[in-house]
There are 2 protein chains.
Amino acid sequence: MELDIRKKKILQAIIKNYLETGEPVGSRTISKYTDLELSAATIRNEMADLEEMGYIFQPHTSAGRIPTDAGYRLYVDDMLQSRTEELNEMSADLKNRSELLESRSELLERREEELDTAQSNVADRVERIESVLKDVVKMLANNTNYTSVISMPQANRNKLKFVQLTQIDEKKLLCTVVLEGNIVKNEMIRIDTDMDQQILLRLNLLLNNTLNGLTLQEINFDMAARIAEQAEQYGPLVSDIINHIAATIGSADGIEIFTSGARNIFRYPELSDSMRAGELISTLEEKELLTELMTDTGEESPDAGTGIQVYIGQETSVSSMKDCSMITATYEFEKGVYGKIGIIGPKRMDYEKVVDALNDVTDSLDRKFSKKR
Amino acid sequence: MELDIRKKKILQAIIKNYLETGEPVGSRTISKYTDLELSAATIRNEMADLEEMGYIFQPHTSAGRIPTDAGYRLYVDDMLQSRTEELNEMSADLKNRSELLESRSELLERREEELDTAQSNVADRVERIESVLKDVVKMLANNTNYTSVISMPQANRNKLKFVQLTQIDEKKLLCTVVLEGNIVKNEMIRIDTDMDQQILLRLNLLLNNTLNGLTLQEINFDMAARIAEQAEQYGPLVSDIINHIAATIGSADGIEIFTSGARNIFRYPELSDSMRAGELISTLEEKELLTELMTDTGEESPDAGTGIQVYIGQETSVSSMKDCSMITATYEFEKGVYGKIGIIGPKRMDYEKVVDALNDVTDSLDRKFSKKR
DNA sequence: GTTAGCACTCCACTAACACGAGTGCTAACA
DNA sequence: TGTTAGCACTCGTGTTAGTGGAGTGCTAAC
């Protein structure tokens, strides 16, 4: 059996209707509220076919139809494709582009304003990226009524840019590590050896000369031993310090994620029962399971190229999210340093609205960060 | 009407039973399962009195009784008092002490072990306080089946200990700020002025000489202006830097809080309905509302002195927690630098077990951190 | 002051039933 | 051959009525 245009239209109608109402949709509804001009009986026949093909299913006999994951996938792929085509047209014809942009501009402006006011609260304070991201993710959650997630920007390969040791008191050294992409980490190191400024200066030089430009993978035991040798009697101290540095770089791998609007899952009955909600909340709270999704570059995903990735149901391979869909987008903090922003909702979420919202937000983040540079 | 001993015993019996079963408790239950040897009818009379006094109430006619907040308060105060008395006895008589300790030792040891294994995962990595706290709070949530909360240790008055400017590249200075209690913060500062090592050294000296030992309150515009003046042509840059430093100290006020086991609220039906659960989840996610509770020194609380604080229902003044109780304890990270650990559960939580668990955890944290010094 | 007895209340649970939305199938129609 | 009307059937939802049991308050007797 093949998926002709009429079937596709009916499938789309079913999904659209289901997204709006959240109720199984029956043949009568489709026959009445679409421009297909077909009777309910005909629709029923087509629906039986669609069910056989695995795009829709009935929760029970004598109920309407609900899209399956495959159905959603088809719908989303179509949607994304028509989006990118639209985008291409837009860039081909500048006039059209500005007109089309205008149609979206209200929403965009409002969001922009909110972004600005969110930051004017910290106007004369220094703008801290962390709080910017927290504001953004909160705003997104509020606007969409879905749970939102954002990751701190992350260099894809953490190269060491700069190390500095500073003496804090007799027993403590502060080790400041700067990574590619200007990610800064600190580590307090307890020492037993006596120290003076001269030695500290020498150690700083030694460490910077030998370690700068290296990744965590390149700083191994072998190399640590060689450097420690050069440090003569300070060898043990130096190898201790190198351990700390390695650990620090490693900890920078631990991507930081903020969530907002977790309570929104209670808006959707299919996610609200204690079991499901509890598991989801755990996933959001512990964040480990999210990192995979928030670092997935989506190279081989069907939505590649647009920067937008859509995971439907099981596609996340996070079991607590099997009844959810997640859409992510990438923003650029500095050249080569990216972060992700995502939205988690029920499978019947408003994919179009969410994709728009994410595009707007990443656009405005990109502009904001590039302006700063 | 006065609260004689018999009434108190009955009240305690009611509460104990309710904590166990979660069901309203009737007169028959009390008359059968206590050593009071009174008939149900007598208990009923006493119950009517206790209700009049506001310690218990009926969810509806012809149901058993449930403790009110006042009832819980009485119960908890009694419990805490007998605990501290027990403690005093223990310290008075060393022999007794070791015996009593032994009785608790199993639990303590198991917990200790878990703590250790939790950390041996990061054995050869550097032990980062953040991950230690996260492990602890997670363990606590798992052991108690309540939601747990922990705050990063925080100096009560943030004094500046040390500042350092470092040049990262032509356009960027890294400003490292160390506060009393060895809290380290970083700030990236964009500059337009040209820089060289000489000038940087001078600025570093100037800033450290003038700012060290000051609190945020003491670094005002007036002083910034005076320092900027001393910096001659670098005045604007310096005042910009001072702004950044002030902002950084300010941001250190933003206490960091980790939560674990949020899903545990679904174990307790009285917290699980969408509305309540949603609000609670929000409170846990946003954390702002928790800061007040997690910084409350509890000086004027009824449980003062023990380090343990108990908030019952409305006592938290956080509306989403009106059906919860929260118990917090204080741990010491360094001298004068404290953090708090807390447990949030239904009002009918097992107060005794929780107090024990918190005492154990703070003890072991105290020991761990003091050992490290 | 304590207790047994009794009438009363109210929740929780179950069974029965009606309703309605939706289906699949068949037969008729264009 | 594709489309449509009609019809019997299914199944979840909501309503109603009825029952049982746990618990109370009150009264009267001990």
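Numbered from 1 within each chain, the chains take letters A, B, ... in sequence-line order. What you see is a predicted model, and the numbers here were worked out from it, not measured in a lab.
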Checklist entry - With a 4.5 Å limit on heavy-atom distance, are the side chains of Leu290(A) and Ile344(A) in contact? => result yes
Checklist entry - Of Ala41(B) and Ala41(A), whose nearest nucleotide on DNA chain C comes first from the 5' end? => result Ala41(B)
Checklist entry - Does Arg263(B) come within less than 4.0 Å of Glu285(A), counting only side-chain N to carboxylate O? => result no
Checklist entry - Starting at CE of Met47(A) and ending at C1' of dG22(C), how long is that distance when rounded to a whole Å? => result 10 Å
Item to check | Distance (rounded to the nearest 0.5 Å) between Lys138(B) NZ and Thr259(B) OG1 | outcome: 11.5 Å
Checklist entry - Just by distance, with hydrogens left out, do Ser274(A) and Ser272(B) show a side-chain donor and acceptor under 3.5 Å apart? => result no
Checklist outcome for this item: Closest of dT3(C), dA5(D), dT23(C) to the Ser39(B) side chain is dT3(C)
Checklist entry - How many Å lie between CD on Glu46(A) and P on dG22(C), as a whole number? => result 19 Å
Checklist entry - Is there a residue in residues 6-35 of chain B whose heavy atoms reach under 4.0 Å of DNA chain D, and which residues are they? => result Gly26(B), Ser27(B)
Item to check | Stem regions touching DNA chain D, defined by at least 3 consecutive Watson-Crick or wobble G-U pairs below 3.5 angstrom | outcome: C:1-30 with D:1-30
Checklist outcome for this item: To the nearest angstrom, the CZ-P distance between Arg44(B) and dT3(C) comes to 11 Å
Checklist entry - Leu74(A) versus Leu3(A): any side-chain heavy-atom pair under 4.5 Å? => result yes
Checklist entry - Which pair of heavy atoms, one from Met321(B) and one from Leu280(B), lies closest together, and at what distance? => result CG-CD2, 4.0 Å
Next on the checklist: Can you measure Ile43(B) atom CD1 to dA4(C) atom P for me and round it to whole angstrom units?
Outcome noted: 12 Å
Next on the checklist: Using a strict heavy-atom distance below 4.0 Å, which residues from residues 51-67 of chain A are in contact with DNA chain D?
Outcome noted: His60(A), Thr61(A), Ser62(A)
Next on the checklist: Using only atom types and a distance under 3.5 Å, with no angle test, would you say the side chain of Gln58(A) pairs donor to acceptor with the backbone of Ala63(A)?
Outcome noted: yes
Item to check | Pair Asp69(B) + Arg73(B), salt bridge at N-O below 4.0 Å | outcome: no
Next on the checklist: Ring-plane angle category for Tyr146(B) and Tyr268(B), please: parallel below 30°, perpendicular beyond 60°, tilted otherwise.
Outcome noted: parallel
Next on the checklist: Check Lys347(A) with Glu270(A), please: is the shortest side-chain N to carboxylate O separation under 4.0 Å?
Outcome noted: no
Checklist outcome for this item: Asn45(B) CG to dT3(C) P, in whole Å, measures 10 Å
Item to check | Between C1' of dT3(D) and CG of Asp49(A), the distance in whole Å | outcome: 14 Å
Item to check | Any Ile66(B) side-chain heavy atom under 4.5 Å of Pro24(B) side chain | outcome: yes
